[in-house]
There are 2 protein chains.
Amino acid sequence: MLNLRRPAGAYTSGNRVLDALPAGDRIDLIADLEVVNFAAHQVTHEVGAFLGHVNFPIDAVLSVVATLTNGDTVEVGTVGSEGFVETDAALHSSLANRTSFCQVRGMVGQMSMARFTSRMATSQTFAQLMRRNVRASLFSAQQFAACNVKHSVQERCARWLSMTADRVGGTEFILTHDLLAIMLGVRRSGVSEAAEALQRMGAISYRRGAVTVKNQKLLNDSACECYEACKHAFSSALRE
Amino acid sequence: MLNLRRPAGAYTSGNRVLDALPAGDRIDLIADLEVVNFAAHQVTHEVGAFLGHVNFPIDAVLSVVATLTNGDTVEVGTVGSEGFVETDAALHSSLANRTSFCQVRGMVGQMSMARFTSRMATSQTFAQLMRRNVRASLFSAQQFAACNVKHSVQERCARWLSMTADRVGGTEFILTHDLLAIMLGVRRSGVSEAAEALQRMGAISYRRGAVTVKNQKLLNDSACECYEACKHAFSSALRE
DNA sequence: GGGCTTCGGTACGCTTGCGTACGGAAGGAA
DNA sequence: TTCCTTCCGTACGCAAGCGTACCGAAGCCC
């Protein structure tokens, strides 16, 4: 997953945004990135907090959530190795607009805010990549807004599982129905029913606290269009 | 509304983002802005379109919508004189990620993409203001995502009407129940029922095709927290 | 003024999903 | 092993909102 040095200086970090940089820009990332492990449910930063560094997921999956005054929490963004969550940093702010936390445990490459800011200022390529990613995050949040009002619980479950499966390396990952329900803003038992249906059709199987994707295509097809839309938004942010 | 020149060179455009610029930066806005009138329902740009210019509303209200493959359309952002809709432009892209159109007719200050880009490059103050506004737009889209899944039709109606009332100069504006229903992603008759309730309590009154805010406080109090949250996000983007 | 379109009031049965609750089972802790 | 917590299956009545439909009225066009 993490390939610290290759002969031609083609350092790859494991984060696809950083790896989309031209090889020359990537070499000195070694000095800038500290690889840390995030545990599941570990909060990366609370809303309003000072952003000390920017997190570039390698095989971890991070979630951005909006917290309502009654304590309800709804997921408004998810990021894996195709991005980073600190959109505020890329918009020259060092205060977090939203809380985010680790959804699926794994490695994250951390860049200090100072290094990040300095790279933004000195490398147009870097800055442009970050901005494209912000664009994808905005698109994705907008898509979620429409999705949440137009698509069924089952479609949204499938969407979430599809998205997460893409971001996790393997086919199995840790997840309780309860947490997924909170992310989607629905009942726990609603998720249990949807998961049951997806399992019956052979798309997934699950045991206590973990999901396995059995048939990726079936799962994707059960998801609403928002899965493909967001996937496309993030992948084109890397290539464009 | 539009004050073309004042003695000390304190030109004000009527758009609060532009007017938040230091007086020195504002003077030459005269050359950069063309004030045009948008008709209700006029599309400012379709998704995927080339952005020829950036629209800074003066007394018009613009909406950003996500269009689903079945043709359903849901509002994912609204902007009045406190912002601008072309977040893509501020992120150095000249392609529109979303469709946007004029919700409430009125004046808009248009800046060509070339001028906008050049200002972004030459004035850090300008660029920073634009980025702050993008941040508010992102925050707002995220809030909508949570709102759409957690709040009732009536709360969301009140939220929308409160937001729009703030953006329109006066207390009355043109609006059909049908259009509001489309924006919120709900039934037309659902909006009619909510509007009836808001009218009964004395918050608004309406006639065929138009709404009048009778009691702003009552209306705000009927709205969900998302009204205040978004209002705060956009206003702090101007001050911070 | 007459005709036609658009808009809003209202109603119907129906579906989805909510809130809640209870019990069983998995699996970690002691 | 036993206990205890966490997680999931399932069920119930209920509320919100959907899809649809019909009608009358407002208001525009000719």
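To find a chain, count down the sequence lines: A is the first, B the second, and so on, and within it residues start at 1.
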*Let me know the distance between CG of Leu175(B) and P of dC7(C), rounded to the nearest Å.*
11 Å
*asked:* Ring of Phe234(A), cation from Arg16(A) - is the NZ or CZ under 6.0 Å from the centre and inside 45° of the axis?
replied: no
*asked:* Tell me every residue that passes salt bridge (charged side-chain N to carboxylate O under 4.0 Å, His left out) with Asp88(A), counting only those two or more places apart in sequence or in another chain.
replied: Arg135(B)
*Phosphate oxygens OP1/OP2 of dT6(C): is one of them under 4.0 Å from a side-chain N or O of His177(B)?*
no
_Counting C-beta onward and ignoring hydrogens, is there a side-chain heavy-atom pair between Asn15(A) and Pro57(A) closer than 4.5 Å?_
yes
_Rounded to whole Å, please give me the gap between CG in Leu198(B) and C1' in dG8(C)._
15 Å
*Glu193(B) has an atom CD; how far is it from atom P of dA11(C), in whole Å?*
10 Å
_Partner residues of Val149(A) under the side chain to side chain contact (heavy atoms under 4.5 Å, CB included) criterion, sequence neighbours left out_ = Val74(B), Asn148(B), Arg156(B)
*How long is the gap from CD on Glu172(A) to CZ on Arg207(A), to the nearest 0.5 Å?*
4.5 Å
*Can you tell me how far the CG atom of Asp72(A) sits from the CD1 atom of Ile182(A), to the nearest 0.5 Å?*
9.0 Å
_Where protein sits on nucleotides 16-26 of chain C, one letter per nucleotide: B base, S sugar-phosphate only, - none, heavy atoms under 4.0 Å_ = -SBBBB---BB
_Contact interval (first through last nucleotide) of DNA chain D with protein chain A, 4.0 Å heavy-atom_ = dT6(D) to dA11(D)
*Does the distance from a Lys or Arg side-chain N to an Asp or Glu carboxylate O, for Arg200(A) and Glu196(A), drop under 4.0 Å?*
yes
_Bend angle of the helix from dG1(C)-dC30(D) to dA30(C)-dT1(D), from helix axes over five pairs at each end, nearest 10°_ = 40°
*In Å and rounded to the nearest 0.5 Å, what is the CD to CG distance from Gln154(B) to Leu184(B)?*
12.0 Å
_For Tyr206(A), give me all partners under ring-ring contact (aromatic ring centres under 6.0 Å, His included), at least two apart in sequence or on another chain._
His177(A)
*Take the angle between the ring planes of Trp160(B) and Phe173(B) and call it parallel below 30°, perpendicular above 60°, tilted in between.*
tilted
